[in-house]
Amino acid sequence: MRTFALAGNPNCGKTTLFNALTGSSAHVGNWPGVTVDKREGVYKGAGERVAVVDLPGIYSLSPYTPEEVVSRNYILEEKPDAIINIVDATNLERNLYLTTQILECDVPVIIALNMMDEVEKSGDKIDVKAIEKTLGVPVVEISALRNTGIKELMSRALSMPPQRKGTTVLKGVLDKQLETAYAFYEGEGVSSPLFHAVKLLENDEIEVQRNGASAVLEKTGADEDLEAVIADERYKYISGSLSGAKTKAHREALTKSDKIDRVLTHRVWAIPIFIVILFFIFHLTFSENLFYLNGFSENQAWMPSLVELGLATEDGPNNFGVEILAIFYDGTVYSPGVILTNFLNLFLDHISDGVISLMERGGAAEWATGLVGDGILGGIFAVLGFLPQILVLFMFFSILEDSGYMARIAFVLDRVFRRFGLSGRAFMPMIMGFGCSVPAAVNTRTLADEKERTATIRVIPFFSCGAKLPILTAVAGGIVMTFGVGNADVITFSMYLLGICTAIVCVLLMRNTTLKGETPPFIMELPAYHAPGFKNLMLHLWDKTKHFVKKAFTIIFASTVIIWLFSHLSWNWHYLPDEQMQQSMLASLGMFLQPLFTPLGFGAQLGQFGWVFAVAALTGLVAKENVIATFTTLAICISAYAGEGTEEGIEELAGLIKVITADAGLSQREFIAALIAFIAFNMMTVPCFAACATAKAELEKGKFKWTLLFWLAVSFTVGAMVYTVGAFIWPLAIWFAVAAVVATFIVLRNTGKFDITKIFGRRKK
Ligand code: GDP
Ligand code: MG
C-alpha cells in the first residue's frame, strides 16, 4: 500500500482534506497544531488503497518548533510515496514558502490548491497551468470543505512517477556554495542531498551538528547569515516567477473579514465582546428563563406556572399534552439546552418507571428493584440526562472554533496572557480543556517552552471539562430549586469564570516562582472568517455522543453498581435496606473523610447525611460524571426514607438538600455557600484517572507528584475561600491579607531581596 503524506501550513485545510479522504471523524479545528499527533487513515476512492498521513501544520522545515521537527523527520526518514502539499489559495504567497522547501526533497510532490471555493467567491483568478510550469509539479484545484476536485487530486497523485529529484528555487543565486555542500552530502550517501545542502547553508541547527558538516560550511564561506538571504530569495522567487499566476478581483480596500475583525479584535472591546458571547452561549444552554422574559428575579416574575393555569397539580401534569408542554414552559420559557434536556429526561423517566413497575409486578426482591432502579438506572440516567446540554455547549464552541473566531481570541488574549507569563498559544489547549483535559494536555506539545508547558498542563483542569458540567448544572439547579434564589445559567457561567480566574492567578504565581522563564513569541496567521461546515460539526458532535454514551454504560455503570452495593452492605456483608444505610461500609468511609471538608462547608456541618458529599467527591476521581451519578443513587435512597419522596433528575439533589438542611439546621446562606464550594472543589481538584495519566505522561519526570499536590492545594484553598466568604463575608479581609502576603513575597523574591533558600540554610546548585 502506498503512503501519501499531507503537508502544509497551519489552517490550510489538512485535517479537512484528511477527513474527506479517509472518512475519519478526527476533529477539525482552526488551531495550528491540533494535529501535532500523527493521524493516519486509508483512502479507498481509487482502485488501490492508499494510506494517508496528516502531518502537523508548519510554516517551514526548520527545526524550530515540535511540529516542524515532526514533519521534517517524517518526510526525510519515513519517505512517503508522495507528499500532497496543501496550499491555501487565499494565501498563496505565504503558503508557497513552505512549498519551495518541500520541493528540495527527493520525493514526488503534488500541490493541492485548497479553498478554491473562497477564491472563486472573491472573484480572484489563479492560473494553475502557470504555477505547474514554474514549479514543475502537478497542481490541482480543490475545496476540501465542499469536497470538490479531490478525486482528480488523488488520481493525478497516483499516476505520478515514483521517483523525483529535488529542485530548488535558489538556482543562479548560491550555485557555488550549494555545489560544495551538495557534493558533501552526496558523498555521504544521504538521501535528499539537495535539501540537506540548502539547510546547511541556512546554518540549520541539525545539519551543522552532522559530522564534518561545519568544515564544509566553512569551505563554502557561508557560515554566516545566509539564512535571511535564502528566505529572501524564496520570497523573491515566489513574488517574481509566480506574480502573474494570481489576478486579484477589483475590490474595496477592506475585505469582509477585515471589517468583522475591526470590531471583534478591537483593542478595548475584544475581550468584553468575548465574555458577552460566552455568556450568551451559557444562557442558551442552561437558562430556565430564556432572555429573562420572566424578569430577573422572583418578584419580577409574571408568567403563570402550569399549576396556576390549572393544567397541572402538585403531583404533575394533568395529561400527556401538558407533559409535552412542560418540556418548553412551566412558569418560565426554557432555553434550547434545557428543552432538549427535559425532552430526553421525560423519555428516560418513562423507561425507568416502566422497568421498576415491571420488576415490582414480577415480584422481584426489594434489593433487586433498589439496585436496578436507584443504583443502575438512577446513576446512568442522571448522567445521560446531561448529554443534550453538553452537546449544545460543544456545538457553540465548535462553531466559534471553525468560523475562525477562536483563533482571533488566541491572538487577542496573547496580549493579556503575556503579562501572566504565557503566550497566546497556551490558550488553545486551555479552551480544549472545556471539552476534555486529555487531548488538551497532549496539545500543549505545541508550546515550545517546557516551563510554560508545565504551567499550562497544571491549570488545564480548571477549564471545567464536559464531564464536570453535570456537577455544575445539577448543583446549580438544586440551589435554584430548593432555595428559589439565583439563575442556573448565571451560577454555571460564574463557576466557569471562577475556573478561568483561578487558572490565571495560578499561572501568574507559578511563572513568578517555581516556573520562571521567558515567554516565546506567538506568531499566527488569522484565517478568513467562514461559515463552519455542517458535516464536520455533526461528526464532531456524534463523536462526543458516542464517547459519552460509552462511558455511561461502562465506567459509570460499574461505579454506580459498586456505590449502591457498598452503601447497602454492612461491614459483615449483610444487606441493609435504605433506612439503615448509615451503617453501611460506604457511609463509614464517607463519615471518616467528612471532617476533611469542614473548612469548605460540606464537612461536619452537614450532619449525619453529609458523608454523601465526601463519597461523591471521591468517586469523581474515577470519572467526574460519577459525582452526580453517586449523588443521585444515594439521594434517591436517603430522600425516600427521610420522607421527601422519590423525585427525578435535579429534584433528587434538591430532595437531599432539603433533608440535610432540616437535619443539620443549616442556614440557607451557609448551605448555598457550601454547595458552591463543593462545585469549586470538584472543578479544581485532582482530575479523573485518564487526565492524571495523561498529565503524568506529558510532564517532565518528577513534576507529576508536585502537580497532584498543586491540585489538592488549589481546590482546598479555593473551596475554603468560596465557603468562608459566601457564608460570612468578613473572612474576605483575611483572604485579602493572605493574597497581599503572597504578592509581597513574589515581588521581593523577584527583586532578589529575599531568598527562601537562605532561610533554610541550603542552596540548590
Ligand atoms: P489544518 O490546520 O490544516 O488541519 O486545517 P483544518 O482542516 O483544521 O481547516 C482550517 C479551517 O479551514 C477549518 O475551519 C475548515 O473548515 C476550513 N477549510 C478547510 N478547507 C476548506 C475549503 O476548501 N474551503 C473553505 N472555505 N474552508 C476550508
Ligand atoms: Mg489540522
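Since the model is a prediction, treat every value here as computed from it, not as a measurement. Atoms within a ligand are numbered from 1 in the order they appear, just like the ligands themselves.
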Out of D117, T16, T15, indicate the one that has the non-hydrogen atom closest to atom 19 (C) of ligand 1.
-> T16
Give the intermediate values and the outcome of salt bridge (Lys or Arg N to Asp or Glu O under 4.0 Å) for residues E68 and K199.
-> CA-CA 13 Å; E68 286 171 351; K199 283 289 164 213; over 6 Å; no
Anything under 30° is parallel, anything over 60° is perpendicular, the rest tilted; go ahead and classify H283 against F280.
-> perpendicular
Please confirm whether [X] comes within less than 3.5 Å of ligand 1 when only nitrogen or oxygen atoms on both sides are compared.
X	result
A144	yes
I142	no
K14	yes

Under 4.0 Å from a heavy atom of E118: give me the atoms of ligand 1 that qualify, with their elements.
-> 26 (N)
For S143, the atoms of ligand 1 under 4.0 Å from one of its heavy atoms are 22 (C), 23 (O), 24 (N)
Would you check if the distance from the ring center of F434 to the ring center of Y496 is below 6.0 Å?
-> yes
Can the ring centroids of Y97 and Y59 be said to lie less than 6.0 angstrom from one another?
-> no
What pairs meet the side-chain hydrogen bond (donor to acceptor under 3.5 Å, both in side chains) rule with one or both residues in residues 134-143, with sequence neighbours excluded?
-> D117-S143
Mark the output for C12 as yes if a heavy-atom distance to ligand 1 is under 4.0 Å, and as no if none is.
-> yes
Only pairs at least two apart or in different chains count here, so list each salt bridge (charged side-chain N to carboxylate O under 4.0 Å, His left out) that has a residue in residues 99-108.
-> E104-R234, D106-K165
